[in-house]
A.B. asks: 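Quick one: this structure, given as structure tokens, is what I'll be asking you about.
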Number of protein chains: 2
Amino acid sequence: MTTSIRDLAAACGLSVSTVSKALNGYPDVSEKTREQVRRAAESLGYHPSAIARSLKTGRSFNLGVLYSDDTQSGFTHNYFGPVLQAFKQEAERRGYDITFISKGQQGMTYLQHCQFRSIDGVCIVCSHFSDPEVQELLSGPLPVVTVDYVFNNRSCIQSENRQGMELLTRYVIARGHRKIAYISGDEGAVSGVRVTAFRRVLREAGIPLLEAYVAGGRYHDPATARRVTRKILALPDPPTCILMPDDTAALGGMDAIRAAGLRIPEDISIAGFDGVPILQMCKPRLTTVRQDTEAIGIGAARKLIHLIEAPDTTFPEILSVPCSLLEGETVGLQH
Amino acid sequence: MTTSIRDLAAACGLSVSTVSKALNGYPDVSEKTREQVRRAAESLGYHPSAIARSLKTGRSFNLGVLYSDDTQSGFTHNYFGPVLQAFKQEAERRGYDITFISKGQQGMTYLQHCQFRSIDGVCIVCSHFSDPEVQELLSGPLPVVTVDYVFNNRSCIQSENRQGMELLTRYVIARGHRKIAYISGDEGAVSGVRVTAFRRVLREAGIPLLEAYVAGGRYHDPATARRVTRKILALPDPPTCILMPDDTAALGGMDAIRAAGLRIPEDISIAGFDGVPILQMCKPRLTTVRQDTEAIGIGAARKLIHLIEAPDTTFPEILSVPCSLLEGETVGLQH
DNA sequence: TCGATGATCGAAATCGTTTTAGGTCTTTCT
DNA sequence: AGAAAGACCTAAAACGATTTCGATCATCGA
């Protein structure tokens with residue numbers, strides 16, 4: 001089959017241990033034999049078995065990714081997808097592979113699945129942080145980083161949701177809007193921060209906010225967005241602009257607006273959150289807040305690897321990456 | 001640390017081998033001790049180490065996924081993304097994890113990366129089948145299935161591109177179009193089959209085809225699509241309908257059409273291929289051919305696992321899954 | 001010249017499993 | 001009763017690496 005270290009040792013006329021040490025840079029092997037081993041490895045096409053190595057060293061160079069979401073969108077999730085992609089690429093650059101930790105594999109919990117595969121650390125990015133299995137993993141023995149969720153003494157990376165929301169709200173106000181509605185996503189810290197920022201910017205601008213203008217919604221759920229939007233449009237004094245929890249939901253909102261016979265942005269304005277690329281190619285181009293998914297994914301990978309490789313010099317921390325405004329065509333001038 | 005089989009054996013007062021056999025359903029262990037072992041395993045929270053098991057058995061229950069694409073879209077690729085998602089889910093259902101095989105990991109080729117991780121089999125889905133490393137993998141010792149690429153004596157799964165293209169072309173003709181342009185994707189078997197089907201349906205319908213109407217393009221590249229569309233629109237006798245290689249490219253085409261001051265579908269019609277869900281929520285809803293990405297992903301996983309688990313009863317074969325027409329709003333009636 | 005010191009190398013244990021080849025004891029058959 | 005056959009279990013050898021602990025040998029200072 002594939003050549004093992006024993007074959008290599010035989011080919012060199014050396015012992016297995018010497019060969020191993022030569023390859024792993026131990027000091028007690030002469031430069032001459034080291035070079036000989038290298039050459040032989042090259043010509044035999046030798047590569048060590050990650051599995052055998054892991055068994056002995058306890059390090060697998062494998063990062064777990066816990067990703068579960070309601071929306072069934074999987075890899076193609078408009079926000080998590082690109083985050084995972086960046087995470088994976090950065091991990092690979094550092095010599096790690098990734099494996100997805102999934103529910104119900106052979107009756108194992110998430111944590112057990114990690115131990116089963118001897119995962120070195122895990123990145124949790126999902127919508128079910130209240131799941132007991134997720135909590136078990138969060139308080140378990142493995143290095144962990146989370147995305148968009150702060151847990152006691154664990155590292156987290158997320159967008160500067162406050163700054164992003166401020167950016168958007170200020171922009172909308174600058175376009176002349178005074179009657180602004182806000183539909184939030186699933187309850188949680190992210191939604192909380194955003195709505196708080198929204199309220200504060202309005203207050204600071206001296207703009208009154210009807211409580212009927214702020215409604216609960218769901219992330220990445222166009223159907224819910226459609227329903228909530230319809231309700232808001234039916235208000236006695238409807239808003240001139242609606243802020244949606246994300247771009248996907250915005251699509252549902254736009255649908256409801258069109259169904260009501262209104263034009264975007266002439267009759268009513270709408271904005272999203274996330275900045276999914278493909279929607280920037282559709283008409284009308286959605287005005288939204290771009291989350292730097294690449295920076296988030298890369299940051300998560302770096303932090304996790306750091307936690308693994310230098311546990312003594314690294315501490316849990318909350319990292320934030322700034323958002324930017326994507327000015328599209330869905331927020332009109334209001335006077 | 002985590003409990004090993006030795007701990008379990010000690011707790012039961014049995015030998016390691018008996019415990020192993022009890023857990024693995026060997027016949028030469030009494031039902032009584034088997035039950036005892038099961039109970040002890042449960043209460044100690046014992047789960048075997050996948051790594052140690054792999055080392056001994058040579059089976060890792062790990063499927064490699066080779067996925068590289070030009071477009072940098074990664075997981076969020078409109079066609080490959082959903083395919084991979086379905087592949088992953090089906091693999092997990094069968095007790096397999098997946099790991100991505102990537103270029104340049106520690107200076108390893110794809111094949112070496114597979115061997116490094118003791119991958120049981122690999123699913124190749126990418127756009128670079130001409131890459132020597134991909135070819136090495138294709139002719140290597142591991143079980144392989146491919147998506148959208150037929151290789152000598154390897155299993156392949158793909159859409160019934162002929163049938164899909166026929167469906168669309170007939171539909172467009174039925175809507176009254178006679179001057180139909182076709183922009184194809186990157187050169188290759190898939191593109192070939194589609195354009196052939198397109199030509200044949202036209203011929204059978206007795207509709208003449210201007211050679212200037214069929215142009216080369218690129219998959220998932222809106223910029224190229226825009227350029228090619230512009231050129232076609234500038235023809236002395238422009239078509240009334242343009243068929244694009246995929247939905248993403250269609251976006252570029254629509255852009256060029258709008259830039260030319262034409263309306264969709266009143267002035268000119270356009271259709272895509274793939275059926276990406278999010279675009280079905282945008283206006284105007286794109287008329288396109290839906291590829292059953294879920295069936296493709298699941299089929300790939302099943303076939304691969306079958307090749308792994310029952311190599312003697314399984315043979316390489318080409319599997320095809322039918323497409324369906326997604327009637328949107330971008331192909332108008334022509335008279 | 002002799003012991004000490006370094007420089008290289010190798011033997012063997014180990015990681016956590018699986019699996020082969022026996023081993024022991026009871027039962028059954030003749 | 002003696003042998004054959006089952007039933008049940010264990011010892012030990014792998015799998016392919018890493019790593020500890022010695023072993024060997026040449027060199028060197030005194």
Side-chain angles (χ1 to χ4, degrees), chain A residues 1-38 40-41 44-62 95 106 108 112 114-120, chain B residues 1-38 40-41 44-62 95 106 108 112 114-120:
Chain A
M1 202 65 80
T2 86
T3 72
S4 82
I5 198 174
R6 248 184 285 275
D7 307 328
L8 187 51
C12 292
L14 290 169
S15 78
V16 169
S17 27
T18 304
V19 169
S20 172
K21 290 197 280 194
L23 258 20
N24 293 349
Y26 276 63
D28 61 340
V29 39
S30 76
E31 204 43 58
K32 190 162 64 74
T33 55
R34 193 188 301 278
E35 196 45 46
Q36 174 200 6
V37 170
R38 278 216 196 92
L44 290 190
Y46 168 80
H47 280 270
S49 152
I51 281 189
R53 171 179 293 171
S54 305
L55 183 58
K56 180 63 179 148
T57 62
R59 296 262 287 104
S60 65
F61 285 89
N62 225 311
Q106 321 288 82
M108 292 183 281
Q112 287 169 335
C114 285
Q115 314 194 126
F116 174 67
R117 287 287 182 192
S118 302
I119 293 295
D120 289 336
Chain B
M1 202 66 81
T2 87
T3 71
S4 82
I5 199 175
R6 247 184 286 275
D7 306 327
L8 188 51
C12 293
L14 290 168
S15 79
V16 168
S17 26
T18 303
V19 169
S20 173
K21 289 199 280 193
L23 258 20
N24 292 347
Y26 276 64
D28 62 340
V29 40
S30 75
E31 204 44 55
K32 188 161 66 76
T33 55
R34 192 188 302 278
E35 196 46 46
Q36 174 201 6
V37 170
R38 279 215 195 93
L44 290 189
Y46 168 79
H47 280 269
S49 153
I51 281 189
R53 170 179 294 171
S54 306
L55 183 56
K56 182 59 182 156
T57 63
R59 297 262 285 104
S60 64
F61 284 89
N62 225 312
Q106 320 288 85
M108 294 183 280
Q112 286 169 336
C114 285
Q115 315 194 124
F116 174 66
R117 288 286 181 192
S118 303
I119 293 294
D120 289 336

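Note that the coordinates shown come from a computational prediction; the quantities given were computed from them, not determined experimentally. In the text below, chain A, chain B and the rest are named by the order of the sequence lines, each starting its count at 1.
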A.B. asks: Would you please name every residue forming a side-chain contact (heavy atoms from CB on, under 4.5 Å) with B:A9, sequence neighbours left out?
C.D. replies: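 With sequence neighbours excluded, B:A9 shows a side-chain contact (heavy atoms from CB on, under 4.5 Å) to B:V16, B:V19, given in chain and number order.
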A.B. asks: Strictly under 4.0 angstrom, non-hydrogen atoms only: write out the protein contact profile of nucleotides 15-22 of chain D, one letter per nucleotide from the 5' end, B, S or -.
C.D. replies: BBSBBBB-
A.B. asks: Can you tell me which stems involve DNA chain C, if a stem is defined as three or more consecutive Watson-Crick or G-U wobble pairs, both distances under 3.5 Å?
C.D. replies: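 Stem list for DNA chain C: C:1-30 with D:1-30.
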A.B. asks: Restricting to side-chain hydrogen bond (donor to acceptor under 3.5 Å, both in side chains), what partner residues turn up for B:T18, sequence neighbours left out?
C.D. replies: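 Testing B:T18 for side-chain hydrogen bond (donor to acceptor under 3.5 Å, both in side chains), a comparison that skips the adjacent residues, returns B:S15.
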A.B. asks: Tell me every residue that passes side-chain contact (heavy atoms from CB on, under 4.5 Å) with B:A11, counting only those two or more places apart in sequence or in another chain.
C.D. replies: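 Applying side-chain contact (heavy atoms from CB on, under 4.5 Å) to B:A11 gives B:L44.
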A.B. asks: Going by ring pair (Phe, Tyr, Trp, His ring centres under 6.0 Å), name the residues that satisfy it together with B:Y46, two or more places apart in sequence or in a different chain.
C.D. replies: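 Partners of B:Y46 under the ring pair (Phe, Tyr, Trp, His ring centres under 6.0 Å) test: none.
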A.B. asks: Would you find a donor on one side and an acceptor on the other, under 3.5 Å apart, between the side chain of B:R34 and the backbone of B:Y26?
C.D. replies: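 Indeed, once roles are kept as given, a pair shorter than 3.5 Å links the two residues.
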A.B. asks: Under the rule for side-chain contact (heavy atoms from CB on, under 4.5 Å), what residues qualify as partners of B:I51, not counting sequence neighbours?
C.D. replies: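 Per chain and number, B:I51 pairs via side-chain contact (heavy atoms from CB on, under 4.5 Å) with A:I51, A:S54, A:L55, A:S60, A:S118, B:S49.
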A.B. asks: Once salt bridge (Lys or Arg N to Asp or Glu O under 4.0 Å) is applied, do any residues pair with B:R53, and if so which ones, sequence neighbours excluded?
C.D. replies: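 Checked B:R53 against salt bridge (Lys or Arg N to Asp or Glu O under 4.0 Å); zero matches.
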A.B. asks: Taking any atom closer than 4.0 angstrom to a non-hydrogen atom of chain B, what span of DNA chain C does the protein reach, first nucleotide to last?
C.D. replies: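 That gives a stretch of C:dG16 to C:dA21.
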A.B. asks: Return the set of residues passing salt bridge (Lys or Arg N to Asp or Glu O under 4.0 Å) with A:R6 (not counting sequence neighbours), or none when no residue passes.
C.D. replies: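 Counting only residues at least two positions away or on another chain, A:R6 forms no salt bridge (Lys or Arg N to Asp or Glu O under 4.0 Å).
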A.B. asks: With sequence neighbours excluded, tell me which residues meet side-chain hydrogen bond (donor to acceptor under 3.5 Å, both in side chains) with B:T33.
C.D. replies: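 If we apply the side-chain hydrogen bond (donor to acceptor under 3.5 Å, both in side chains) test to B:T33, skipping adjacent residues, the hits are B:S30.
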A.B. asks: Is B:T33 near enough to D:dC9 that one of its side-chain N or O atoms lies under 4.0 angstrom from OP1 or OP2?
C.D. replies: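 Answer is yes, contact under 4.0 Å.
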A.B. asks: What pairs with A:R59 under side-chain hydrogen bond (donor to acceptor under 3.5 Å, both in side chains), at least two apart in sequence or on another chain?
C.D. replies: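 side-chain hydrogen bond (donor to acceptor under 3.5 Å, both in side chains) check on A:R59 returns A:Y96, A:D120.
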